[in-house]
Amino acid sequence: IRKGDIVDIYSKPSSADAVTELYGQDLYVEAAYTPNGTECKSPEDVATSLTIWVTPDEVSDINKAVALGNIQVYVQSN
């Protein structure tokens, strides 16, 4: 995941029988960061945190996904 990617955000409660749900769609990645907090620059860098653009209407859903603690981020294919 890199700056400029468009992603979808999914999350799943920790219970075994819970269903993964879509919480954010078509979100723009402003920045992607490595575990030590530096911005991803090379193809070898692994992103572990992101800055994404959301509308005011999307904030609540994204916060719900984060609160569940099991975020899955998928880059949309072109």
Side-chain angles (χ1 to χ4, degrees):
I1 298 174
R2 295 291 183 266
K3 180 177 182 170
D5 286 342
I6 303 297
V7 298
D8 295 335
I9 305 288
Y10 290 82
S11 191
K12 177 182 174 186
S14 59
S15 64
D17 60 343
V19 176
T20 301
E21 294 184 35
L22 178 65
Y23 284 84
Q25 189 170 18
D26 301 328
L27 304 174
Y28 177 81
V29 177
E30 174 61 28
Y33 302 95
T34 65
N36 67 6
T38 60
E39 192 167 354
C40 293
K41 298 287 185 186
S42 74
E44 295 81 26
D45 289 341
V46 175
T48 57
S49 62
L50 307 170
T51 300
I52 57 173
W53 289 358
V54 296
T55 66
D57 292 338
E58 295 168 321
V59 171
S60 177
D61 285 340
I62 297 300
N63 284 341
K64 286 178 194 173
V66 170
L68 291 173
N70 186 4
I71 300 286
Q72 300 169 5
V73 180
Y74 296 93
V75 177
Q76 294 184 4
S77 59
N78 294 337

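Under the 3.5 Å distance criterion, the side-chain polar atoms of Thr34 are left unmatched by any main-chain donor or acceptor of Ala47. Asp8 places a side-chain N or O within donor-acceptor distance of the main-chain N or O of Asp26, the cut-off being under 3.5 Å. Put simply, the side chain of Arg2 never gets that close to the backbone of Lys41: no donor and acceptor are under 3.5 Å apart.
Using a 4.0 Å cut-off between a side-chain N of Lys or Arg and a carboxylate O of Asp or Glu, Lys3 and Glu30 qualify as a salt bridge.
The other members of the hydrophobic cluster of Ile9, by chain and number, are Ile1, Val7, Leu27, Val29, Leu50, Ile52, Val54, Val59, Ile62, Val66, Ile71, Val73, Val75 (side-chain heavy atoms under 4.5 Å, ILVMFWY only). Residues Tyr10, Leu22 make up the rest of the hydrophobic cluster containing Tyr74, defined by ILVMFWY side-chain heavy atoms closer than 4.5 Å, directly or through other members.
When all heavy atoms are compared, the tightest approach of Gly4 to Tyr28 is CA-CE1, 3.5 Å. Considering all non-hydrogen atoms of both residues, Leu68 and Ser11 come closest at CB-OG, 3.3 Å.
The CD atom of Glu58 sits 9.5 Å away from atom CD of Gln25, with the distance rounded to the nearest 0.5 Å.
The shortest distance between side-chain heavy atoms of Asn36 and Thr38 falls below 4.5 Å. Contact annotation: the side chain of Ser42 approaches that of Asp45 to within less than 4.5 Å [non-hydrogen atoms, C-beta and beyond].
Side chains of Asp57 and Thr55: no donor on one and acceptor on the other come within 3.5 Å.
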